[in-house]
Trainee: 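Take a look at the following structure, please.
The sequence lines fix the lettering, A, B, ..., with proteins before strands; numbering per chain opens at 1. Predicted, not measured: the structure shown is a model, and the values here were computed from it.
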Amino acid sequence: MDQLSVSDINLILDTADSLMEISSRDIKKVPTLRGKSIVNFFYEPSTRTKASFEMAAKRLSADTLSLSATDSSMVKGETLIDTARNLQAMNPDIIIIRHSSSGAPHLLARYVDSGVINAGDGTHEHPTQALLDLFTIRKKKGRIKGLRVVIIGDIAHSRVARSDIIGLRKMGAEVTISGPPTMIPVDAESLGVKVVLDPAKALKNKDVIMMLRIQLERQKGILFPSLREYSIFFGLNQDLIKVAKKDVIIMHPGPINRGVEITGDLADGPFSVILDQVSNGVAIRMALLYLLIGGSKGDNLD
Amino acid sequence: MITWIKGGELVDPRKGEKKKLDIVIKRGKIEGLLPPGEFNPTNDMDVKIIDASGMIITPGLIDMHVHFREPGEEYKETIATGSQAAATGGFTAVACMPNTSPINDSRSVTEFILERARKANLIRVYPVAAISMGSRSELLTEFGDLKQAGAVAVSDDGRPVTNSELMRRALEYAWFFNLPVISHCQDFDLSNNGVMHEGAISTQLGLQGIPAASEEIMVAREILLAKLTGYPVHIAHVSTEGSVKFIRQAKEEGIPVTAETAPHYFSLDHTAVIGFDTNAKMYPPLREPKDAEAIKRGLSEGVIDVIATDHAPHSEIEKDVEFDKAAFGIIGLETALPLTLALVREGVVDLSTAIAKLSYNPASILSIKGGTLEEGKEADLTIIDLNNEYVIEKDSFKSKSHNSPFIGQKMKGKAMLTMVGGRIVWESDEFNPRS
């Protein structure tokens, strides 16, 4: 998200808007990217993002190839650079990469000529999630500028939070982050956000609530003692949400831990736009593929 | 044969100011230091003349902290290639850290290193032996036997001594054998798989941070142990403002502590990691500008005694990978001198102090020869052109590895000739002594 300008972001959101309609057709396919090949290279488990990219590519008639960690040469000890060189030798138009190491897409991009889309790298960025979040907010609220957004959860280890913060700040929203101090990154204010640790206070007068998934695997008793305690003090519930604006929307990048960071009734309730995010995700990714392949080769998105 | 170095200006940190003196060398030793015009060889004398006009001559530079990777990782560096890199950088002596494979925790490894150094036959290589067997912080190594075999210090460098009791006993026991103890300061739990300095940049890049406190806690511990035992400790690669503060305070209280830093800690800061450049990854990590400033102040005020490179060669296999998977460390022997001379031009330290931190001070901490230019002493010296400007190029390194964050940067100041025991071990193409 760091590399995108405000006008880039607007262009992507506008393009997604115009492509949205394709997904509601009876025959959900246009020939725009026929003959183009797209590699979905997922070196870390993912259901939503991977499916979303694949769906997006197929609706634009591109040929897709999906590689995951278990069936790639990575398990045989091949380095990322060697894998990149091999993929490059097959001359794909776009490589979409999800990787557990921050910066991995940058490394890949140095070794391939095709466009590279970052589908999430370590705890660094998840730009397509941020774009679909911006798209969702714009559709629901009609604007982004001036909105008050709060992000609650493990900010320090969240690539979604990092990308959302950059995107929201660029588009003129006010961003507050909230959660236990163990999950707030050092020098968080340098990201241009306000830190209000207590969700009950942070939620006040907010237009948008973004909940982050509590990664169960991170819970080793050091960042927080138990899921039970987390849900009591930092989880979103009916009581807490009362201090937010009446027309607040609740977002979540998924997958949800029901009863941990958000109660089931809120996730399914009227404020929730969680499933809209998923639908919008396909449109955003269609827009990106279209713009990147239609544009000059070698553009990267991060 | 006699070697006559004429026309140069001597910078001997023990004597302070620059002075024009000719050096006459015979049988590897400095025979005379004479004012220009006083040495008049007769025709029947076999004299090699080295014209050092416009250059300075310093005691041979000494790097008390290098990793030469031999035995075990010869694909990264060998004692021969490391020695070549050292000579090219102006160094006549180095101390090799023990984290080889196997670790230098026994006489046989120490002797092997010395044997390889003899074969390389370029510079003086001093082995540093491990404090604990396998550097596992469990059992002390045989300090006496290692000293007799040729070790000049002990350190578990690459790893901290995690057991405070063991560190205390190491300081006590080492004193009996007059072996300096060098500490790698890192609290493993706090550094918690970190890969760069914890701060605004790690937050921005989503990389796991290593807080300054991870180093400072151990610096404070070592100082307290030095105070407890009354025996000296040397702090390796100081990188933070807090460490400098603790060391300054300890010195003021008369606690026997010495310290070194590396050129990258005063030349770069954590912003070098932006773009995920693995050549900006080392332990301790590049810190914040305020830390670099504190390091400079520490150098200028004598809190930090030594500039050492922590020369840590790694091949592409370890470096051309994802940032979090990359090895820690950079090479430094061929960039240390110009980076230190930049401090002199900046006015942080004067030339003589800079040379002291690169020669006399490490020599006295390790009790090894060199560090001064005196009649009767070994002719270990470096001829430096302070004004030579060049760009660091990847392919120009003599080191087997080229993991340097300074590639592409402009440097000023270069070793033109390096002499060990009267023998020239490095001479730049740009330096043409008439003979």
Trainee: Which of residues 195-209 of chain B get closer than 4.5 angstrom to chain A, counting heavy atoms alone?
Mentor: B:E198, B:G199, B:A200, B:T203, B:Q204, B:L205, B:G206, B:L207, B:Q208

Trainee: In terms of side-chain heavy atoms, does B:E73 have a donor or acceptor partner in B:H67 at a distance below 3.5 Å?
Mentor: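 There is no such pair (donor and acceptor under 3.5 Å, judged by atom type) between the side chains of B:E73 and B:H67.
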
Trainee: Check this for me, if you would: do B:E293 and B:K290 make a salt bridge, where the nitrogen-to-carboxylate-oxygen distance has to be below 4.0 angstrom?
Mentor: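 Not counted as a salt bridge, because no side-chain N and carboxylate O are separated by less than 4.0 Å.
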
Trainee: Could you tell me whether the side chains of A:Q88 and A:D113 share a donor-acceptor contact shorter than 3.5 Å?
Mentor: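 Note: A:Q88 and A:D113 side chains meet the donor-acceptor criterion.
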
Trainee: Between A:S101 and chain B, with a heavy-atom cut-off of 4.5 Å, which part of the residue counts as in contact: side chain, backbone, both or neither?
Mentor: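 A:S101 touches chain B through backbone and side-chain heavy atoms alike.
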
Trainee: Go through the atoms of A:R159 and report whether side chain, backbone, both or neither lie under 4.5 Å from a heavy atom of chain B.
Mentor: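 No part of it gets close to chain B.
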
Trainee: As a quick check of understanding, evaluate side chain to side chain contact (heavy atoms under 4.5 Å, CB included) for B:E138 and B:L166, giving each step before the final call.
Mentor: CA-CA 7 Å; B:E138 287 163 6; B:L166 186 94; over 6 Å; no

Trainee: Assess whether a salt bridge exists between B:R287 and B:E215, defined as any Lys/Arg side-chain N lying under 4.0 Å from an Asp/Glu carboxylate O.
Mentor: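 Yes, this pair counts.
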
Trainee: Which residues in residues 171-186 of chain A have any heavy atom closer than 4.5 Å to a heavy atom of chain B?
Mentor: A:P185, A:V186

Trainee: If you measure only the distance, is there a donor-acceptor pair under 3.5 Å linking the side chains of A:S66 and A:K50?
Mentor: no

Trainee: Using 30° and 60° as the class boundaries, would you call the ring planes of A:H106 and A:H124 parallel, tilted or perpendicular?
Mentor: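 Rings of A:H106 and A:H124: tilted, 30 to 60°.
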
Trainee: How about A:L197 and A:V195: do any of their side-chain heavy atoms sit closer than 4.5 Å?
Mentor: yes

Trainee: If you define the side chain from C-beta out and look only at heavy atoms, does anything of A:Y43 sit under 4.5 Å from A:L108?
Mentor: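 No, every pair of side-chain atoms sits at 4.5 Å or beyond.
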
Trainee: Do A:I137 and A:L168 come within less than 4.5 Å of each other through their side chains, counting heavy atoms only?
Mentor: yes

